[in-house]
Amino acid sequence: MLTGIDTETTGRDFFHAAKPYFVSISDSEGEQSYWEWNVDPLTRQPVIPPGDLDEIDGVIETADELVLQNTKFDVAALKSVGLPYGPWPWEITQDTLIAGHLLASNQPHDLTTMALVYIGLNISPFEKRLEEACTEARRYAKSHYPTWMVAREGLPGFPSIKGSKEDKKKKDEKDKVWKNDGWLPRAVCLHEDRKRPKEDCEHIWDGWDCKKCQGHRWWIVLSEYAIPDPFVTVKVFEKQRELMQKKGLYEIYQERLRCLPVAYEMERSGVTISKTTLDQLRKIYERESEEAGGVCVKIAKGIGYELELPKASNNNSLLHFCFGEPEIDEKEIKCPLCKGKKPKIPSGDGGGVFVCKKCRGSGVSIDPRKPRKEWLQLPVVHTTDSGAPSLKKKAMEIYKETLEDGPQKTFVRNLAGKRKRDTMLTYADDYEHFWHPWIPVGAVDPKTGAGWCILHPNLNPTGTNTLRWSSSSPNEQNISKQGMFCTHCWGDGCLRCGGEGLDARNLRYAFGPAPGREWFSLDFSNLELRIPAYESGEEAMIELFERPDEAPFFGSYHLLNASIIYPDLFWPLAEQEGEFKKRYKASWYQWCKNGSFALIYGCQEKKFDATTHRKGGYSLLKQKMPKLFQLGQKMIDHANKHGYVETIPDQAISPGRGYPIGCSRTSYGKISPTIPLNYHVQSTACWIMMRAMIKVHEYLKTCGGDCRIVLQVHDELVLDMPAGRGKEPWKTNLPKVRRVQSLMTECGTDVGIPLTTSREYHAKSWGEGLSV
DNA sequence: TAACTGGGCGCC
DNA sequence: AGGGCGCCCAGTTA
């Protein structure tokens, strides 16, 4: 018998103050029960009768098979009130979110949508009504009970509650502020002793009041919404299971389920960050940002412009200073085609085609703006998607290369430097927003953890259209690893930077092992290159990976590409090891490298040739690596025929089928030709990583000493282990780390891709690694 | 004021 | 027609 479980919570931050206040359970025959707890509006904490916990624990303990929508969330919620008493029974747990992604990776996976899709049931009216009640109750409580903890941005203990945003395509539901206040309507009723609806009354609602029993609906608006959920979950899953079995996907599903406890444990473990180091970095960034900003303002002032710098990225003051201010008020511009009043949107390609969004692509080119040409007068080298001059990083890099020394160049350098530091500062803010003081397990002296904090980033294995995981609150997958130029001398060397020019202190320096611990990071080498190379059988590339120590490429994919697209430049230098790279480091080598990455990410001929600064380069590559391009075509054909591509089948799990990855169509009904190969490769890479994580997690549990995975950055795992001892402390854990490496590489074998992993030891910080 | 859009940028 | 994310800021619109 399947048992569905669902919880309603006061928020998502179970490592902070969020708690469940409603638990509902249903079996597949519709036998339902629920526990609703009053939330103290002054503390947002539920008041839980102890007997309830026993009952819920009993249900979980005795169930044959459980099913939840996003199990990891509910398990974290229940754990925050001590449930279940034992470990969560993952081995009998099914998950509709995992199933939903497998059956339709690029479709929404919220329960409301899936109920409609899989069992034709529309539960949105319940949600709609709850939203109305919550919104009203929130307004009411804010004005009548100002001391109540109504959800809002900045509410202590609930860092995930952010303003309110809605990304239509995404799982935005959770980001709506009212969602955290499902308990509030009832709390108002309780506090004001409003009349309860009678249980046996067949209500006739007039607004929020029942005409028959005079009860107020806010008492039950949450339970009306929440009680059916577990039953819906059960029914959705029954259908999903049937579909998965029919499509031959059930083995994949079962393996995929195993990543849930891994993600759950990673979230619980969290990742340590040094407050001391972050404070130091912050001070440096703040000072340098202010310094660089000051230079910008001063230059502007010198030209007679009162520049108001943006806090980050752009504002009109800055853009007008750099590119001139339009004389005509843009609000007055009319679309020349439809004569609409609000065209405003210049269409792409930088040509300044001022037509509205609807009329784009018509080719009419009228730019009614007359920029005033005083002030900085930067040339336009990059445009935004809507055709306006852009000050993005890439554009500024071009300015730095091409402008003569003078105010323009100085301005751009300082602006770029300021931006970079400001970006890092907003990241740092985010970490502080979510962190807790770190307290070592079993610490006797509370000072042991001083200077260290811990973050519990959220990991979402179904957060992308592919098999990549996403991460949030904070995102552990975009932590800066770049160096940056000294704002004082901009790389020419000075006393402050010690002549180095580059300051390597990025935010990764703040992350690292807490006292008594050490980190190892393990990377799959060239994971996303090896997959298409071996799969297609492209000899030139395979050769590269098989013989990484041999001339003339020494395992470098970029050099291989360079030899093909720049034969005239590469071969004359081929006999001198490293010469091509050395001589053209900032030009041809860099451009080729950019092009290589663009290619992996799916760019087309035009973009590749532009990126590599060599017309015809793409075509040469195609001639030299026909099998690679044939694989791309094969994926395109498959996607066009079926609407999805598949990962390479895993011989150990499901030899017949790979994981289907849906390829969305553009508004013109076509699948973009860049998508299929990219999805296939990216997802196969992630499948490998997922299997690796399952194996590694299982192995580390047997190691003792609290060894765990703390970070996953797509092709990299970071392990947190007890610190070794002696002169070469890494040697203590090295055998275990080697074992982890072989578990990782094994996963390539099952999909036919030979893999290698690289290994680094981090004694103090993620920013500095030692190859050991 | 809230919601929404666009630009920008960090990672792989 | 350059893939996948999360997140922030600025400015406009409902």
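First the proteins, then the strands, lettered A, B, ... as listed; each starts at 1.
Between the side chain of A:K607 and the base of C:dG2, a donor-acceptor pair under 3.5 Å is found. A donor-acceptor contact under 3.5 angstrom links the side-chain atoms of A:R468 to the base of B:dC12. Between the side chain of A:N475 and the base of C:dG6, no donor-acceptor pair under 3.5 Å is found.
Nucleotide C:dG2 is matched to nothing when pairs are restricted to Watson-Crick or G-U wobble geometry with both distances under 3.5 angstrom.
Among the atoms of the strands shown, only primed sugar atoms or phosphate atoms (P, OP1, OP2) are found under 4.0 Å from some heavy atom of A:N316. Using a 4.0 Å heavy-atom criterion, one finds that A:F608 contacts no nucleic acid atom at all. Within 4.0 Å of A:K481, counting heavy atoms only, lie sugar-phosphate atoms of the nucleic acid but no base atom. Across all strands shown, A:Q604 has heavy atoms under 4.0 Å from sugar-phosphate atoms exclusively, and none from any base. Among the protein residues, A:L391 comes within range of the sugar-phosphate backbone only, with heavy atoms under 4.0 Å from sugar or phosphate atoms but none that close to a base.
Along DNA chain C, the nucleotide nearest to A:S471 and the one nearest to A:K394 differ in position, and the one closer to the 5' end is contacted by A:K394.
Ranking C:dA10, C:dG6, C:dA1 by closeness to the A:S672 side chain, first place goes to C:dA1. Closest approach to the A:Y679 side chain among C:dG4, C:dA10, C:dC8 is made by C:dG4 (side chain taken as heavy atoms from C-beta onward). Residue A:C603 places its side chain closer to C:dG2 than to any other of C:dG4, C:dA10, C:dG2. Nearest to the side-chain atoms of A:S472 among the listed nucleotides C:dG4, C:dG6, C:dG11 stands C:dG6. Of all nucleotides listed (C:dC8, C:dG4, B:dG10), C:dG4 comes nearest to the side chain of A:N465.
Aromatic ring centres of A:Y557 and A:F597: separated by at least 6.0 Å. Ring centers of A:Y399 and A:F411: at least 6.0 Å apart, outside the cut-off.
Formation of a donor-acceptor pair under 3.5 Å by the A:R419 side chain with backbone atoms of A:A312 is not found in this model. Proximity of a side-chain donor or acceptor of A:H101 to a complementary backbone N or O of A:T464 within less than 3.5 Å is detected.
Phosphate proximity of B:dC11 to A:Q482: present, with a side-chain N or O under 4.0 Å from OP1 or OP2.
The residues A:D429 and A:R282 are annotated as salt-bridged, a charged nitrogen and a carboxylate oxygen being separated by less than 4.0 angstrom.
Across the P atoms, B:dG6 and C:dA1 are found 15 Å apart, a figure rounded to whole Å.
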